[in-house]
Every structure is written in C-alpha cells, then in structure tokens.
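A quick note: this is a predicted structure, and the numbers were derived from the prediction, not measured. Quick note: residue numbers are just sequence positions, from 1.
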Amino acid sequence: MFGARLHPYRPGAAERMMLERLGGALRAACGQNAEALSQPLSVLRELSGRRLTALGCPREHGGLGDGPMALVLAAERAGREGLRVGMALAAHMSATACGLRWGSDQVRSELVRSVLAENLACTTPTAWRLEPVPAAVGAVVEDGQPSGALTLSCAPHRSPILFPLGGRGDRGVVLWIARVPEEVSVDGAVLPVARLVGLRPVNEGLTGEAAELAASDLLMHLLLTAAAAAVGVASDAFQVVRAGGLGEGEAGSGSWTRSVAAAGTLLEALRSLVYAAAEAVRFWSSRPSHGMLAEVLPLVAEAFRFARERLPELLAALSAAAERVGRPSQRLAAHRADTRQLLATVPGDELDRVIARFYA
C-alpha cells in the first residue's frame, strides 16, 4: 500500500528552521565530546533551555509541529549525537504528540503548559509489548489502577510520562499519564508506579477500540522515531569515516573500501524505509482505525526491526574499515556501545509476529 519515498526528502521552510534550531542546541550541548553521546539528560536540559520541548506540539498550540515527517527529521538529527540522545528526544516527541491528540481537554491543556511554558520534556517507558495490546512492561493494572514499576530510559524530574497498560475486563487498554517526582532525575532507572505524581488516565472517555488505537498510536510513533534516531547514528558514523578520508579520494578495491560502500548502501536503504513508514503514519494519523492499523503497524515494525538488526552491522563495518587503515574513532566506538538501546525496546519475536501477520 505504501511505497518508499525517493531520497532525498526536501524539508519545507518550517522544517528547515526547526532543524537549524535543533542542530544549534545539540551542538551546544554535545560539541565534539564523545561522552555526551551517553548523557541524554544534559542534552534534554539544553533543549529545554532553548524552548525545543515544543517539538511534538502542534503548531496551532504554538509548538514546532507534530507531523510524522517532522518528528522523523528531528529524531534523525538528534541521533547524530548518539542513539540515547535520539531516543530520549523520540520519547518526548511521541508522548507529547500522542497525549495532545488523544487526551482530554484538561490533559491537553496541562501538556501544552508543560512543554511550552515550563519547558519540560515528556518521557515513556523503554520496554513494550505488541500483543495482545501495546503495554508498558513491568506494570500491571489491579483494581483499576496501575501497580509495579516502569523502566525509563531518560526522565528529568517533573517530566510528564505516558504509558499504556492492558486492564482486565471490559475496560481493556488504558493510556495513563503522570509526572516523575520532583526529587527524581533518572537515566535507565526503574521507577515504582507508586512514586508517580498525579497518575490518571489520559482520557476517561477513551474506552474499547478508541483506547487501543491511542495506545497503538503512541507505540507506532515511538518505533518510528527510534528507527529515525538510528538513521541519525548511521549518518554520523558515515560522516566520521568520510571526514577521516575513507571512501573519498582514495581509489582502490580493498576490503575496507567495499565495507564503506556497503555501509552507505545500508544507510540509504534504512533511510528510505523509515521515510516510507513516516508517510504511512501520516496517513494513519488522518484516519485512525483498526483496518488502517493493520496496514501501517507492520511497516513501522519492519523499519524498526531493520534499524535494530542492521545498525550494529553498519557500525561494525565502518569501524573495521577505519581500524584497518589506522584511523580508529572514539566516536564510532561510542556509537557501537549504544546500539543495545534499540535491542531492549521491543522483543524480536513480537516484531516478527506483527510483520508476519501482514503477509499471511
């Protein structure tokens, strides 16, 4: 149903302006410091100080946009500073966009105030189930309220947090919203649900099919933007190798030149798949339904799976080429160490099941 968009995608004027602002903030936060690749909390603080928490908020509310392609471009740019940085921004944008799309009037008002007036970054748990309904792993619903614990990749204090849970009985899945406690600022930590502040459903009126669609919307945006962050990582790694002179101006047919060429092919394949998935999610956002979900979710899952499986391969090929000619890179090594972040997001068999169902 959805074909790959021809590369390159040409951002509009508003998207280019957003990317320039984001790039300036990321350069200020990260610079050339390889250690910044694994410090998303400090990067989020820099983005907050420059009012870039408006990413994921619709323009009609005064934000920087919530279109799937805009979120993909932002996540891709952030991914150039490291996968953990990219995924932290992906979680913020996905949670913000989903909360504002499906939340009650009160929740939408609170979220707009949080991301625009208070400059707070939103977050979500890191682990997800795809079947039978999207749900945060590590928490359960008992007596109508969540209990247990959530694993958070990056949660500045007071961050709004969104997560779905499948309940018992007729209520089914519910999308919840709360805040990280004032005294907590975590990175890769486990936070008990009992410590969350102001825990309540995103929208009491969302039940049955609508509630499941809302949860699926959050999941799809997370998978899409995480895959886009992986594109950013791959792009930066390729640029690091090119900046070192590999692949340009050095003729030859050695194994290292073939490795660089193969990595470039993988990068373009990944980018095209992610952009095609973004186009599908844009179509879904205009008319969400279970029928459309069955068409779009497998494509998004395929983009995420491709990113998760091929990013380590791409980085390994580039690192090997750099080392073979005596030009190892600390930045490449840091990127390779961060690839485990994608591995922990969704179990591989869950992705395989969704994708296989589409082709059955």
Check step by step if side-chain contact (heavy atoms from CB on, under 4.5 Å) holds for Val85 and Leu26.
CA-CA 9 Å; Val85 171; Leu26 290 169; 4.2 Å; yes
Please step through side-chain contact (heavy atoms from CB on, under 4.5 Å) for the pair Ile161 and Leu196, ending with a clear verdict.
CA-CA 9 Å; Ile161 175 172; Leu196 295 175; 4.1 Å; yes
Verdict with supporting geometry, Arg158 and Ser114, side chain to side chain donor-acceptor pair (under 3.5 Å)
CA-CA 9 Å; Arg158 297 176 57 231; Ser114 294; over 6 Å; no
Let's go through Leu73 and Leu22 carefully: what are the C-alpha distance in whole Å and the side-chain angles of both, what is the deciding distance for side-chain contact (heavy atoms from CB on, under 4.5 Å) to 0.1 Å, and is it a yes or a no?
CA-CA 10 Å; Leu73 292 172; Leu22 178 61; over 6 Å; no
Could you walk me through whether Leu199 and Gln145 satisfy the side-chain contact (heavy atoms from CB on, under 4.5 Å) test, starting with their C-alpha distance in whole Å, then the side-chain angles of each, then the deciding distance to 0.1 Å, before giving a yes or no?
CA-CA 9 Å; Leu199 180 65; Gln145 288 291 319; 4.0 Å; yes
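Listed for the Arg200 side chain is a donor-acceptor partner under 3.5 Å among the backbone atoms of Gly198. A donor-acceptor pair is defined here as one N or O able to donate and one able to accept, closer than 3.5 Å; such a pair exists between the side chain of Ser48 and the backbone of Asn119. Listed for the Glu46 side chain is no donor-acceptor partner under 3.5 Å among the backbone atoms of Val43. Side-chain N or O atoms of His92 include one that pairs as donor or acceptor with a backbone N or O of Leu55 at under 3.5 Å. Side-chain atoms of Thr225 do not come within 3.5 Å of backbone N or O of Ala75 as any donor-acceptor pair. The closest donor-acceptor contact from the side chain of Ser272 to the backbone of Ala269 lies at 3.5 Å or more, if one exists at all. A side-chain donor-acceptor contact under 3.5 Å links Thr53 to the backbone of Val115.
Here the shortest heavy-atom pairing between Ala228 and Val72 reads CB-O, 3.5 Å. The minimum heavy-atom distance between Leu318 and Ala263, with the atom names listed, is CD2-CB, 3.5 Å. What you find for Leu111 and Thr96 is that their closest heavy atoms are CD1-O, 4.4 Å. Leu116 approaches His61 most closely through the heavy-atom pair CD1-O, 3.1 Å. Here the closest non-hydrogen pair linking Ala139 and Leu165 is O-CD2, 3.4 Å. Here the closest heavy-atom approach between residue Leu71 and residue Met93 is recorded as O-CE, 3.4 Å.
Qualifying side chain to side chain donor-acceptor pair (under 3.5 Å) partners for Asp217, counting only residues two or more places apart in sequence or in other chains: Arg101, Trp102, His221, Trp284. Listed by chain and residue number, Pro134, Leu293 satisfy the side chain to side chain contact (heavy atoms under 4.5 Å, CB included) test with Ser216 (two or more places apart in sequence, or in another chain). With sequence neighbours left out, Arg21 forms a side chain to side chain contact (heavy atoms under 4.5 Å, CB included) with Arg51, Leu52, Leu64. Residues that satisfy the side chain to side chain donor-acceptor pair (under 3.5 Å) test with Ser159, not counting sequence neighbours, are absent from this structure. Not counting sequence neighbours, Arg308 has no partner by the side chain to side chain donor-acceptor pair (under 3.5 Å) test.
Salt bridge status for Arg16 with Glu20: absent, with no side-chain N to carboxylate O gap under 4.0 Å. Using a 4.0 Å cut-off between a side-chain N of Lys or Arg and a carboxylate O of Asp or Glu, Asp66 and Arg59 do not qualify as a salt bridge. A salt bridge links Glu81 with Arg77: at least one charged nitrogen is closer than 4.0 Å to a carboxylate oxygen.
The NE2 atom of His335 sits 8.0 Å away from the OG atom of Ser329 when rounded to the nearest 0.5 Å. Taking CG of Leu297 as the reference point, atom CG of Leu224 lies at 11.5 Å (rounded to 0.5 Å).
Tested against Glu110 for a side chain to side chain donor-acceptor pair (under 3.5 Å), the candidates Gln106, Arg113, Arg108 yield a single pass: Gln106.
Residues Asp352 and Val354 form no side-chain contact, since every pair of their non-hydrogen atoms from C-beta on lies 4.5 Å or further apart. Contact of the His290 side chain with the Glu212 side chain is registered, since non-hydrogen atoms from C-beta on lie closer than 4.5 Å. Contact of the Asn203 side chain with the Val107 side chain is not registered, since no non-hydrogen atoms from C-beta on lie closer than 4.5 Å. Contact check for Val140 versus Pro146: no side-chain heavy atoms found under the 4.5 Å cut-off. Looking only at side-chain heavy atoms (C-beta outward), Val197 and Val180 stay at 4.5 Å or farther from each other. Within the 4.5 Å cutoff, no side-chain heavy atoms of Asp338 are placed close to those of Val233.
There is no path of hydrophobic side-chain contacts, each under 4.5 Å, that joins Leu120 to Phe163.
Annotation: salt bridge (charged side-chain N to carboxylate O under 4.0 Å, His left out) contacts involving residues 310-322, sequence neighbours excluded, comprise Arg310-Glu313.
Donor-acceptor pairing under 3.5 Å is recorded for the side chains of Ser235 and Arg271.
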